[in-house]
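This is the structure I have questions about; it appears just below.
Note: hydrogens, waters and symmetry copies are ignored here, and every other heavy atom, side chains too, is used. Counting starts at 1 for both ligands and their atoms, following the listed order. Nothing fancy with the numbering, it's 1 onward along the sequence.
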Amino acid sequence: MAGDAQRSQQRPIIHAVKGTRDILPDEVAAWHRIEAAAREVFARYGYREIRTPIFEQTELFARGIGAETDIVSKEMYTFADRDGSSLTLRPEATAGIVRAVIEHNLWNADPALRVFAMGPMFRRERPQKGRYRQFHQVNVEVFGVSHPAVDAEVIEMALAYLRACGLGEDYDLLLNSVGDAQCRPAYVETLRAALRPQASRMCADCQRRIETNPLRVLDCKVPEDQPIIDALPKIADHLCADCRAHFDAVKQTLELLGIGYRLSHRLVRGLDYYTRTTFEIGSGRLGAQNAVLGGGRYDGLVKDLGGPDLTGIGFALGMERLLMLLPEPAVPSRCDVFLAALVPAAMDKALKLQSELRSRGARVLIDYEGKGLKAQMRRADKLGARFVVMLGEAEMQSRAWKVRDMSASAQEDVDEGRVVEHLVSRLDRRG
Ligand code: ATP
Ligand code: MG
């Protein structure tokens, strides 16, 4: 037996997969807080929750995100199912939500469909602070509303959400328009023409992007490329009349709502279906991975994925990054009533009392090890118990339990028959 125990001690432990994180019980309160804030704030704007699968057919992402993107070309967790079909763990939520909207004709019942989702995403990136291989997003999408007021509304809601989470005013809102199918192709050619003479002085990624997707050059973070990029023609100067009118209206509505923003001509989405408004909210406090959320219009996506010609706009927020910005909440109390059975004979009484109190909604714990009073009080304290009920020899005799109010450091004897009502009413009064 001793040998067995030793051998099992020597077994190597298995670690979490690189780039994934456990969210431990002490951290969960912070997650609950931002999840509850999402449900509460988004409901005020008419949103309902949607939950789509964590894996989808690979083709959905290839078509929905674009084969040219970093996500699809090198970051997806793709695997062959046993029947040979190719499946992928979702790297983002919009493609799956659009698939569901099309599959269930959701726009029929709701021509201004507003949905949100929360959950894990998977990207095989280089793990670092604020960048993981499994991370979590809050996603917001509106379908069927092309009026510029909704662009401003989505941005306002993002800010209301950050405020509800406790972020304060410590953020930076960047805004741009990427044009549409009418005006962007000409701008892309202008950009390409401006970039070609510079190509040899730029990073390898940019050299490739100049040919495949020049818009993505604007996204480049390589320091040496920055002066060249800053001098490139700006899309704002190349918008068609419709896109310009839309962008002007978005800006005016933001001003009407008292929302400050900064224009950033480099804020692009390198995908064909992105149109007009793009935005990003970041914080200098996050360091290199400074974007908390990014969003924009994707008026072509629903049609690209085989649905009707339905406009869309939304954003995706990184929950880990948001939590990095928020003060950690105090670890909440885990227990309303701690029952200290101080003699073995009291355990049956304690078990019945525990069961009754729990059925009345109280959070109750017993120390089953039957430790001494001092150790049990320490435990109750650690759990944040509001009341401790002591069931000792004397209490068994008198059939009255000692109820200690931990915050008032006061204690009283309460009749065995009245103790449940007594505790429940005291806990209710706490509010
Ligand atoms: P980044 O420029 O930081 O890579 P992105 O453009 O890839 O961001 P989106 O695809 O727009 O990001 O996702 C929206 C948000 O999700 C980001 O603003 C960020 O907060 C978060 N996010 C993206 N990738 C990761 C990751 N690997 N780990 C943690 N959070 C992430
Ligand atoms: Mg990324």
Residues in contact with ligand 1, criterion: heavy atom under 4.0 Å: Arg123, Glu125, Gly130, Arg131, Tyr132, Phe135, Gln137, Arg269, Ala291, Val292, Leu293, Ala316, Gly318, Arg321
Summary of salt bridge (charged side-chain N to carboxylate O under 4.0 Å, His left out) pairs that have at least one residue in residues 190-200, sequence neighbours excluded: Glu189-Arg192, Arg196-Glu211
Would you say Tyr261 and Glu255 are linked by a side-chain donor-acceptor pair, where the criterion is simply a distance under 3.5 Å? yes
Name all residues meeting the side chain to side chain donor-acceptor pair (under 3.5 Å) criterion together with Asn105; count only those two or more places apart in sequence or in a different chain, and write none if there are none. none
So Leu256 and Gln252, do their side chains get closer than 4.5 Å, heavy atoms only? no
Run the ring-ring contact (aromatic ring centres under 6.0 Å, His included) test against Tyr161 and tell me which residues pass, sequence neighbours left out. Phe42
Any side-chain donor paired with an acceptor under 3.5 Å for Thr311 and Ser146? no
